[in-house]
Amino acid sequence: MEQKIKELLLQHTKELFNSDISDASIQFQSTRKDVKGDLTLVVFPFAKVLQTSPQLAGEKIGAFVADRCEELESFEVINGFLNFTFSPAYWFNMLHSINENETFGRAVEHSKPMIMVEYSSPNTNKPLHLGHLRNIFLGFSLSEILKAAGHEVIKTQVINDRGIHICKSMLAWEKFSPINSKGERETPSNTGLKGDKLVGKYYVEFDKQFNAEAKQIIAQWETDDFDGTSTAVVDLYKKFQVALLGKDEKAQQAIHDKIKDLSKNETTLLREAKDMLVKWEARDPQTYLLWTTMNNWVYAGFDLTYQTMGVDFDKLYYESETYLLGKDIIVEGLRSGVFFKKEDGSVWIDLTAEGLDEKIVLRSDGTAVYITQDIGTAIDRFSDYPSLSGMVYTVGNEQDYHFKVLFLILEKLGYAWAKNCFHLSYGMVDLPSGKMKSREGTVVDADDLMQEVVDKATEITKERGHLDGMSEQFRNRLYQQIGLGGLKYYLLKVDPKKRMLFNPEESVDLSGNTGPFLQYAHARICSLLKKEDSGAELVLVPFTLQHEEKELIKCLSSYPSIISEAASNYSPALLANYLYELVKQYGHFYQTIPILIEPNRDVKSGRLLLSYNVAKVIKSGLSLLGIEAPEKM
RNA sequence: GACUUCGUAGUUCAACGGAUAGAAUAGAAGUUUCCUAAACUUUUGAUCCAGGUUCGAUUCCUGGCGAGGUCACCA
C-alpha cells in the first residue's frame, strides 16, 4: 500500500507539485497510536515545494490519493502529517493473503546473492564464554535472517588452532598432568571432563607455572645473582633498575612491567613452548600427534556446546591450513607495488593516505601475522565459493581497526568483492561487577550459564504446573527451550553495535520483555486452537473487524519488511523488538476480545485464524532468532 | 597523547531528522465463577552540559565533561 501511494505520487508529480520530487522526499511512517489512521505521510517536504502551509499541502495530496485509491477510506491532516485510513475490506484482504501464505514473511529462496557469515571463531585454549554466546547467537540469527530475506548463506568459522598459545597447553599437559594407576595422563574419558575444559585447565596451569618461574627469576636477579642469564639481559635489567630511581609511581610501574616481560622471556617454560612450536611447524610426528589429539578433545567439547546452543556451521576453516595462503598474496602484492619492504625484510602497507597508519603484513623472518592469514582466508573463501558475493564477519568491536585495514588491503589488491565485506562489530558484554577478565576469574562460562538458565526455567515451570500428561522427555526439552530461549532473546534484543550489560538475574526472568513471554503467547494460541479442534476446517469469511483486530493485522502485515530491514541492517534486534510489539498487541487483543465464547461462528473462526497467523509469525520470527516456540508451557 | 565508539526514567533497553521521547524492571493501585495470571489495566519517573544547522534535533556539526575500545614483527 505504501508502495502504491508512493508510485501514485511519483507518477503524477507534475500535476500535483508542478515540479519534480525525489523518491527520498516521500517519507512514510506508521501512524501514532492516539491518532486515527493506518499510515502517515510526512507533508513538510511538499509544503516547501508547493509553497503553501503543510495543512493545505496535506489536504491536496490526501484528496488526490483518495480519488485514485479505492482501498482508502478517509484521510486527515494533523500538524503537517497526512494520516490515511484504509478500508476494512483492505485489512480483511490483508489477513486473507497472510493466511494463505504458509511461509509468510520469507522471500523467495536464493533470490538474492550468496553471503558467507563468519561467527564464533574460538581459540582452542579457552572454553566458550558469555562473550562467545553473544557472538554465536548473533551470527546464527543473522544467517537465518539473511536466508529469510532471500540470500543463500554459508555459515562458517575459522578455528584458531595454531601458534605458541596452543603449544603452551600441550606442554603443560605433558609436564603437569598427573598419571593415574593405569599409567595414563588426564584425558576427557578418564576424568569425565569436557575436552575444551580439560585443555583450558592446562592452559591456565601453564600461565600459573610460568608466572611463578618468572617471579623466581626476578627474585634471583634482585639478589644480584645472574647465573645463567645472558649479558644482554643483565645489562637491560641494570638499566631498568637505574631508571627506577626518582620516577613517579606510574613510570615505575611501567618499568616494573618491562622487567616482568624480561624475566618471562628467560623462563625455561616459554623456551620449551617456543621449541615446541618450531617442532610443530617442522611437522615433528610426536608433537603433531599430541596436537591432533588435544585439538580433537577441544572440538568434541565445542561440538557439545554448539549442540546445546542449537547452532551449526556449513563449512569450517582451520588456521593451521590457511596460514600459509596469505604469504603468496603478499609476494604478489609486493611485485605490483601494493606493499613495500623495509630494510630488515619485513613487509608493510602504507595506508597513511587513507588516514590510517603503516601496517605490517609479513614479519622480517618471513612468517605470517594475523592479518596475513585473514587476507589468505578471505581469498580462499571466494575461490571455494565462486558465486559468493559478500562476507559478514561477526567479531567484537575491539577489532574495528583490524577489519578496516583488512578490507582496505583487499580492495587495494584489486578484489571487487572487498566492498561487500562487512564487519558485524558488536559491543562487549559487561557484568554488573565490571568487565570480564579471565585473570580475575570473572569469566562467565558458556556451559555453566546455559545450565543455569535451564535450571531456573525448570524450577519455575514446575512450580506453575501445566505439565500434566507430558512425558519426562518432553518436559526436559521444554525446560531447555524456555531457558535457552530466554538467554538468546536477552542477548539478541539489544542493538548489536552497543555494548550491553549482562545481569544474571534479569537474564533468567520470564516476564516482561523476555523470550519466555513470546513463547508463552505462542503456547497460549496453540492451546486455544487445540480446544477448538472440532474437526471442521476453519474458514475465513468476511466479518466486521474490531479495532484490536485491525491493529493486529496491521502489525502482522509489516513482518516481511521487518525481515528485510533486519537483514540490511544486520540487526536481529529489530526483529526481536518487532516480535515483542506483536505479542503485546496480541495480549491486548486476547484480553479484550472474546474468542471461543463468541457466538457468531464466522466471527469466531475469523478470530481463531487471526490468532493462528499471529502464532505463525511468532514461531517464524523466533526461529530466525534461533529460538524454539513450544506448543505447551 | 592520537584515533575511534558511546552518554536517554533508580536500573536495563527503544525511538529512517518528525507529532505529546516508547518499553521492561523496580515502586503504587487494580483485574480470575470466562479461551494458560509466564497475562492484562491504571499510575510515578529520563534525552550529560554549552552553542550551531533546520519548519522540526535524542539523532547532524563544533566545543566541554564522563565512560569504553584501538594504537605489537600477539591473535
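Letters A, B, ... are given to chains in the order of the sequence lines, protein chains preceding strands, and every chain is numbered from 1. Keep in mind the model is a prediction, meaning the values are calculated, not measured.
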Counting only side-chain N and O atoms of A/Lys404, is one of them less than 4.0 Å from OP1 or OP2 of B/rC3? no

Sugar-phosphate only, base, or nothing, as touched by [X] at under 4.0 Å among non-hydrogen atoms:
X	result
A/Gln519	nothing
A/Ala523	base
A/Asp400	nothing
A/His588	sugar-phosphate
A/Leu356	nothing
A/Met500	sugar-phosphate
A/Thr367	nothing
A/Ile371	nothing

Kindly state each residue pair satisfying side chain to side chain donor-acceptor pair (under 3.5 Å) with at least one member in [range], sequence neighbours excluded.
range	result
residues 351-361 of chain A	A/Lys342-A/Glu358, A/Asp350-A/Thr352, A/Glu354-A/Lys412
residues 484-504 of chain A	A/Asp430-A/Arg499, A/Tyr489-A/Asn513
residues 575-586 of chain A	A/Tyr586-A/Ser611

Only counting residues at least two apart or in another chain, list the ones meeting side-chain contact (heavy atoms from CB on, under 4.5 Å) with [X].
X	result
A/Leu316	A/Gln157, A/Ile159, A/Phe313, A/Tyr318
A/Lys554	A/Asp38, A/Trp91, A/Glu551
A/His466	A/Arg464
A/Thr52	A/Leu50, A/Leu56, A/Ala57

Atom pairs, protein N/O to nucleotides 68-71 of chain B N/O, distance under 3.5 Å:
from: B/rG68; atom 1: O2'; to: A/Arg499; atom 2: NH1; distance (Å): 2.1
from: B/rG69; atom 1: OP1; to: A/Lys435; atom 2: NZ; distance (Å): 2.7

Side chain of [X] only, please: which of [options] is the nearest?
X	options	answer
A/Arg524	B/rA14, B/rU36, B/rA75	B/rU36
A/Tyr520	B/rA39, B/rC13, B/rA75	B/rA39
A/Asp495	B/rC35, B/rU36, B/rA14	B/rA14
A/Leu501	B/rC40, B/rA75, B/rU12	B/rU12

Atom pairs under 3.5 Å: protein N/O with N/O of nucleotides 18-29 of chain B:
from: B/rG18; atom 1: O2'; to: A/Gln29; atom 2: NE2; distance (Å): 3.2
from: B/rA19; atom 1: O2'; to: A/Arg32; atom 2: NH1; distance (Å): 3.1
from: B/rA19; atom 1: N6; to: A/Thr40; atom 2: OG1; distance (Å): 3.0
from: B/rA19; atom 1: N6; to: A/Asn83; atom 2: OD1; distance (Å): 3.3
from: B/rU20; atom 1: O2'; to: A/Arg32; atom 2: NH2; distance (Å): 3.3
from: B/rA23; atom 1: O3'; to: A/Lys584; atom 2: NZ; distance (Å): 3.1
from: B/rA23; atom 1: O2'; to: A/Tyr580; atom 2: OH; distance (Å): 3.0
from: B/rA24; atom 1: OP1; to: A/Lys584; atom 2: NZ; distance (Å): 3.3

Could you run through RNA chain B and flag its stems, i.e. three or more consecutive Watson-Crick or G-U pairs with both distances under 3.5 Å? B:1-7 with B:65-71, B:10-13 with B:22-25, B:27-31 with B:39-43, B:48-52 with B:60-64

I'd like to check the salt bridge (Lys or Arg N to Asp or Glu O under 4.0 Å) partners of A/Glu548; sequence neighbours left out, ordered by chain and number. none

Considering residues at least two apart in sequence or located in another chain, which fulfil the salt bridge (Lys or Arg N to Asp or Glu O under 4.0 Å) criterion with A/Glu321? none

For A/Phe407, which of A/Phe422, A/Tyr401, A/Tyr393 qualifies under ring pair (Phe, Tyr, Trp, His ring centres under 6.0 Å)? A/Tyr393

Residues A/Lys36 and A/Glu76 bridged, charged N to O under 4.0 Å: no

Short N-O contact, A/Asp23 and A/Lys6, less than 4.0 angstrom: yes

Between P of B/rA39 and CD1 of A/Ile595, the distance in whole Å: 17 Å

